[in-house]
2 protein chains.
Amino acid sequence: MLKITRKVEYALIALRHMQSNKENGLTSAKEIASHYGIPQQLLAKTLQQMARDDIIEAVQGPAGGYRLIANLDLISLKDFFEQLEGPMGLMDCSFDSDCIQIGACNIRVPIQRINNNMRNMFSQMTLQEVTQ
Amino acid sequence: MLKITRKVEYALIALRHMQSNKENGLTSAKEIASHYGIPQQLLAKTLQQMARDDIIEAVQGPAGGYRLIANLDLISLKDFFEQLEGPMGLMDCSFDSDCIQIGACNIRVPIQRINNNMRNMFSQMTLQEVTQ
DNA sequence: GTAAATACGAGTAAAAAAGTCGTATTTATT
DNA sequence: AATAAATACGACTTTTTTACTCGTATTTAC
């Protein structure tokens, strides 16, 4: 429990790779996948998603690839995680409230408090801290 | 991602229930399960595990049940989570190091740092904060 | 025109989580 | 002593989530 997904993991690996590869311009999904032993197609989707989110930029055609365009200092881990995986919550009831419990649940409020602590923590860390 | 399991959720619900039920002595698994709409057998296993960990005490026989024995102020959420679910880490490589990556992984160190932040946060919160 | 890259929906496989079953043990009550 | 109601627990099944793959379309340098 309390794990991040492979998708997020691969995204972070790719971002760090691209950052240290800044001078060389574009980086292809294939290059990153083979370098780190990651499934290429899965990585590609994650890169595509980050491109949609304007964190990186995609260039099509042969000799195409991706390059960093966002300032990673300005993106919190919370926002990054939520862009890739949706809202962050310790329990499902943290966002969708159609829990079967008739309202009997006795830990909703304290769990929300802990949840806020966690979101707050990830709000204060930036992508740059992971990729630098 | 970053979710707690149902097991932990049920454990917290049970603890809070027992705490507010302190005067009445014992509480049975059945009572909690039916009150909160939780699968009884699953809850029972979780209660048994907490009994092994000396957080609660089990009394067998008819009219048996469980009662709180630990001081919840003294148990951190980190310790509690790890007792129920094993070591806490954002990625599997956080504890078992037999990752296929030949050592190519470029985010191990920063992930460890974030991991420490998270463990630290849960170390500073106690069970009492959830059940009070 | 071809090849090498991105784009992406749909489907499959694997792993983890959640829940169930069966049976044993304990013990208060009758 | 028999019964019933509770805990104890290993093994199993089901469900859900995550991880991964496939097929096909599009773009574009050469």
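Proteins get letters first, then strands, A, B, ... in listed order; numbering begins at 1 in each.
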Can you tell me the distance, in whole Å, between the CE atom of B:Met91 and the C1' atom of D:dT18? 15 Å
Which comes earlier along DNA chain D counting from the 5' end, the contact point of A:Ala63 or that of A:Thr5, where each point is its nearest nucleotide? A:Thr5
Is a donor-acceptor contact shorter than 3.5 angstrom present between the side chain of B:Lys7 and the base of C:dG19? no
Do the side chains of B:Leu26 and B:Met18 join up, straight or via other hydrophobic residues, at under 4.5 Å, putting them in one cluster? no
Look at A:Glu9 together with A:Lys3 and state whether they make a salt bridge at an N to O cut-off of under 4.0 Å. no
Among the candidates D:dC20, C:dT6, C:dA4, find the nucleotide nearest to the side-chain atoms of A:Pro39. D:dC20
Base, sugar-phosphate alone, or nothing: which one does A:Ala51 contact when heavy atoms must sit under 4.0 Å apart? nothing
Give the rounded distance in Å between these two atoms: CG of B:Leu42 and C1' of D:dT7. 16 Å
Protein-nucleotide distance (B:Tyr10, atom OH; C:dA18, atom P), rounded to Å: 7 Å
Rounded to whole Å, how long is the line connecting atom CG of A:Asp53 with atom P of C:dA7? 13 Å
Indicate whether OP1 or OP2 belonging to D:dT16 is found under 4.0 Å from a side-chain N or O atom of B:Arg6. no
Picking from C:dA28, C:dA18, C:dT6, the nucleotide nearest the side-chain atoms of A:Ser28 would be C:dT6
Integer-rounded Å distance: D:dA4 P and B:Lys30 NZ: 14 Å
Rounded off to whole Å, could you give me the CD1-to-C1' distance for the B:Ile56 and D:dA6 pair? 14 Å
Sidechain-backbone polar pair: B:Gln49 side chain, B:Gln83 backbone, donor-acceptor under 3.5 Å: yes
Give the rounded distance in Å between these two atoms: CD1 of A:Ile38 and P of D:dT21. 12 Å
How close or far is atom P of C:dA13 from atom CD of A:Gln41, stated in whole angstroms? 16 Å
So, does the side chain of A:Lys45 form a donor-acceptor pair with the base of C:dG9 at under 3.5 Å? yes
Are any of the side-chain heavy atoms of B:Asp53 and B:Phe80 separated by less than 4.5 Å? no
Report yes or no: does A:Glu129 contribute a side-chain atom to a donor-acceptor pair with the main-chain N or O of A:Thr126 at less than 3.5 Å? yes
Along DNA chain C (nearest heavy atom to each residue), the more 5'-positioned of A:Gly61 and A:Arg52: A:Gly61
For B:Glu85 and for A:Tyr66, find the nucleotide of DNA chain C with the closest heavy atom, then tell me which residue's nucleotide is more 5'. A:Tyr66
From the set D:dT7, D:dA29, C:dT20, return the single nucleotide nearest to any side-chain atom of B:Ala29. D:dT7
